[in-house]
Amino acid sequence: QLQLVESGGGLVRPGGSLKLSCAASGGAFSLNAMGWYRQAPGKERELVAAITIGTDTDYADSVKGRFTISRVNAENTVYLQMDSLKPEDTAVYYCNGGYYARGRYYPEYWGQGTQVTVSS
């Protein structure tokens with residue numbers, strides 16, 4: 001079972017960048033698809049980005065062209081590079097490990113979350 005620990009959140013001005021990291025332990029990281037979800041106050045948790053065991057990626061329409069998900073299996077780490085941040089990106093971001101079925105990502109394991117606040 002994967003244990004996941006996020007880091008890299010914080011306060012950033014609109015238009016700025018942040019890079020989130022998620023360190024995995026306790027499981028076969030390279031055998032899991034990985035993803036990032038976020039939850040803003042008063043809203044449902046939503047998928048931001050996911051990456052397969054290989055390098056295929058999926059993104060929410062709202063972040064396409066601004067966010068990049070990547071993984072380094074040798075480091076048991078998945079990253080989320082966030083550029084051109086907007087106030088509406090403010091949320092708690094959760095790392096997760098899961099799998100793909102019929103072209104859809106299903107999370108199974110969750111980190112504790114890291115706060116990202118975009119404000120001037």
Side-chain angles (χ1 to χ4, degrees):
Q1 181 171 343
L2 283 179
Q3 286 87 49
L4 304 169
V5 178
E6 303 97 333
S7 60
L11 173 65
V12 64
R13 294 181 184 275
S17 298
L18 278 177
K19 187 173 184 177
L20 305 183
S21 301
C22 174
S25 62
F29 175 81
S30 62
L31 299 182
N32 281 269
M34 301 296 297
W36 289 91
Y37 274 68
R38 68 185 180 187
Q39 187 166 22
K43 295 188 176 181
E44 294 188 354
R45 194 173 293 190
E46 63 173 352
L47 177 64
V48 176
I51 186 167
T52 65
I53 295 173
T55 56
D56 293 334
T57 56
D58 289 307
Y59 295 94
D61 288 342
S62 60
V63 307
K64 282 181 182 176
R66 301 189 297 121
F67 290 12
T68 304
I69 188 172
S70 62
R71 64 189 297 163
V72 180
N73 289 342
E75 297 176 358
N76 285 355
T77 303
V78 61
Y79 300 97
L80 185 68
Q81 176 68 45
M82 304 185 294
D83 299 317
S84 302
L85 282 161
K86 305 175 181 180
E88 51 263 44
D89 294 318
T90 296
V92 178
Y93 284 71
Y94 297 90
C95 173
N96 40 77
Y99 62 94
Y100 269 86
R102 294 179 296 280
R104 179 181 172 181
Y105 174 68
Y106 293 88
E108 288 187 298
Y109 310 108
W110 293 83
Q112 82 288 352
T114 186
Q115 176 70 47
V116 171
T117 302
V118 184
S119 175
S120 55

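When a residue number appears, it is its place in the shown sequence, counting from 1. Scope of the values below: all heavy atoms of this structure, side chains included, with no hydrogens, waters or symmetry mates.
- Taking a cutoff of 4.0 Å between a charged side-chain nitrogen and a carboxylate oxygen, K86 and D89 do not qualify as a salt bridge.
- Taking all atoms of both residues into account, the shortest heavy-atom contact from G98 to Y105 is N-OH, 3.4 Å.
- Note: the hydrophobic cluster containing Y37 does not contain I51 (ILVMFWY, side chain heavy atoms under 4.5 Å, direct or indirect links).
- Within the model, atoms CD1 of I69 and OG1 of T55 stand 11.5 Å from one another, a figure rounded to the nearest 0.5 Å.
- Every pair tested for ring pair (Phe, Tyr, Trp, His ring centres under 6.0 Å) that includes a residue from residues 52-82 fails, sequence neighbours excluded, so the list is empty.
- The environment of CD in E88 is crowded: more than 12 heavy-atom neighbours from other residues, nucleotides or ligands sit within 6.0 Å.
- Hydrophobic clustering, with ILVMFWY side chains joined whenever heavy atoms are under 4.5 angstrom apart, keeps L20 apart from W110.
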*Do D58 and Y100 pass the side-chain hydrogen bond (donor to acceptor under 3.5 Å, both in side chains) test, and can you show the C-alpha distance, the side-chain angles, and the key distance before you say yes or no?*
CA-CA 11 Å; D58 289 307; Y100 269 86; 2.6 Å; yes

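- Judged by distance alone, with hydrogens and angles left aside, the side-chain atoms of Q3 form a donor-acceptor pair with the main-chain N or O of Q1 at under 3.5 Å.
- Residue E75 forms a side chain to side chain contact (heavy atoms under 4.5 Å, CB included) with just one option from V72, V78, N73, and that option is V72.
- V92 and L80 fall into different hydrophobic clusters, defined by Ile, Leu, Val, Met, Phe, Trp and Tyr side-chain heavy atoms under 4.5 Å apart, directly or through other members.
- With a 4.5 Å cut-off on side-chain heavy atoms, Y106 and R104 count as touching.
- Distance check: T90 OG1 to R38 CZ gives 9.0 Å after rounding to the nearest 0.5 Å.
- Put simply, the side chain of T114 never gets that close to the backbone of Y93: no donor and acceptor are under 3.5 Å apart.
- For the pair Q81 (side chain) and K19 (backbone), a donor-acceptor distance under 3.5 Å is absent.
- Put simply, CZ on R71 and CG on N76 are 9.0 Å apart, with the number rounded to the nearest 0.5 Å.
- Clustering ILVMFWY residues whenever any of their side-chain heavy atoms sit less than 4.5 angstrom apart, transitively, puts Y94 in a cluster other than the one holding L18.
- In this structure, the side chains of Y109 and N96 stay at 4.5 Å or more apart for every pair of heavy atoms.
- In this structure, E6 contributes its side chain and Q112 its backbone to a donor-acceptor pair below 3.5 Å.
- Proximity of W36 to M82: side-chain heavy atoms (C-beta onward) are nowhere separated by under 4.5 Å.
- Closest heavy-atom contact between S120 and P14: N-CD, 3.6 Å.
- Here the side chains of V118 and V116 are in contact, with some heavy-atom distance below 4.5 Å.
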Could you list the donor-acceptor pairs under 3.5 angstrom formed by side chains in residues 22-34, with sequence neighbours left out?
residue: N32; atom: ND2; partner: A28; partner atom: O; Å: 3.0

